[in-house]
J.: 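Take a look at this one; I'll ask things after.
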Amino acid sequence: MKIATFNINGIKARHVALCEWLDEAQPDVALLQEIKSVDEGFPREMFEDRGYNVETHGQKGFNGVAILSKLPLEDVTRGLPGDDSDEQARWIEATVMGEHTSVRLCGLYLPNGNPVPGPKYDYKLAWMERLKSRAKALMSREEPALMAGDYNIIPLDEDAARPEVWQEDALARPESRRAYREIVNLGFTEAFRARVRGGGHYSFWDYQAGAWDRNDGIRIDHFLLTPQAADLLRDCAIDKDIRNRPKPSDHVPVWIELAA
DNA sequence: ATGCCGATTAACAATCGA
């Protein structure tokens, strides 16, 4: 089962490019972030025509997450538990029924958090505390499950081309990294680092200042796997080449292959 | 990097993202 995560930076601007990539990469599941669309505005037909089931959790203008799946989805839930007053659409869950086993999928768009300090950073850390609670609950089920998406976290300096630039940024602040580590340390396997060592691997390049041309990127899109999902991990890679195409997202897809 | 670009909404500038 091939599962991808992709921050598409607007479905209206990216639906054609997204379909081209889906046709080539042929993921069974795509977890999407920043659809920047309400549910009614999501162009579900073009994905359904390709055999995908479509589940969205949209919001007007900003944020928004979705799951595309060629395999059946069950028990879909929307919104990260822990704060009923949170209006931002950043979390969606579903169970995908594989050939051999089912996998609980969590698609997430973690808050950016800048500027630091400030209310947006407070919201990021509070959101990560809720994420940790959900992660604990997932872990206690002792079943294949994963949390994947745009974490807006640069885990280590090796995950940035110019780490010094990000030192005071919400994506790399010690408090951010610690909160991320506390979640990983519950027992999750970070799929890319289970497969690839060392620096120079990025999933985001700013549109500005020729960041892509200079490979001035950061790795902020991650897969965290429960032990039962990690047992099934066969591969993980970043599809960076599509950043060369016209009108790309500022993120590129990251995908895993599971023996599920 | 103090948003230099890009998407979105709502107007034809402001807001947000990382």
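All chains are named by letter (A, B, ...) in the order of the sequence lines, taking the proteins before the strands, and each is independently numbered beginning at 1. Given the structure is predicted, the values throughout are model-derived calculations rather than measurements.
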J.: How far does the P atom of dA10(B) sit from the matching atom of dC5(B), given to the nearest Å?
T.: 25 Å
J.: Between dA1(B), dG3(B), dT8(B), which nucleotide has the shortest distance from any of its atoms to the side chain of Arg162(A)?
T.: dA1(B)
J.: dA13(B) and dA1(B): how far apart are their C1' atoms, nearest whole angstrom?
T.: 23 Å
J.: Can you measure Phe204(A) atom CZ to dG3(B) atom C1' for me and round it to whole angstrom units?
T.: 10 Å
J.: Quickly work out the Lys60(A) NZ to dA7(B) P distance and round it to whole Å.
T.: 18 Å
J.: Do Leu71(A) and Asn53(A) have side-chain heavy atoms sitting under 4.5 Å apart?
T.: no
J.: To the nearest angstrom, how far is Ile11(A) atom CD1 from dA7(B) atom P?
T.: 13 Å
J.: Please check if the side chain of Tyr207(A) supplies one atom and the backbone of Pro248(A) the other of a donor-acceptor pair under 3.5 Å.
T.: yes
J.: Mind calculating the distance between CG (Asp213(A)) and P (dC5(B)) to the nearest angstrom?
T.: 13 Å
J.: Taking dA11(B) as the reference, what is the distance to dG6(B) when you measure between their P atoms (whole Å, please)?
T.: 25 Å
J.: Work out how far the C1' atom of dT8(B) is from that of dT2(B), and round it to whole angstrom.
T.: 23 Å
J.: Rounded to whole Å, please give me the gap between CH2 in Trp205(A) and P in dG3(B).
T.: 23 Å
J.: Which nucleotide in the set dA10(B), dA7(B), dA1(B) lies at the smallest distance from any side-chain heavy atom of Ala209(A)?
T.: dA1(B)
J.: Taking the six-membered ring for Trp and the single ring otherwise, decide whether the centroids of Tyr180(A) and His222(A) are under 6.0 Å apart.
T.: yes
J.: With His201(A), which residues qualify under ring-ring contact (aromatic ring centres under 6.0 Å, His included), at least two apart?
T.: Phe192(A)
J.: Show each protein N/O and nucleotides 12-17 of chain B N/O combination with a separation under 3.5 Å, one pair to a line.
T.:
| unit_1 | atom_1 | unit_2 | atom_2 | d |
| --- | --- | --- | --- | --- |
| dG17(B) | OP2 | Lys120(A) | NZ | 3.3 |

J.: Between Tyr109(A) and Arg90(A), is there a cation-pi geometry (under 6.0 Å to ring centre, at most 45° from the normal)?
T.: yes
J.: To the nearest Å, how far apart are Trp166(A) CH2 and dT2(B) C1'?
T.: 14 Å
J.: More 5' along DNA chain B: Ser37(A) or Arg214(A), using each one's nearest nucleotide?
T.: Arg214(A)
J.: Quick check: do Pro27(A) and Trp21(A) have side-chain heavy atoms less than 4.5 Å from each other?
T.: yes
J.: Find which nucleotide of DNA chain B each of Asp206(A) and Gln59(A) is nearest to by heavy atoms, and output the residue with the more 5' nucleotide.
T.: Asp206(A)
J.: Does anything in residues 65-75 of chain A form a side-chain hydrogen bond (donor to acceptor under 3.5 Å, both in side chains)? List the pairs, not counting sequence neighbours.
T.: Gln26(A)-Lys70(A)
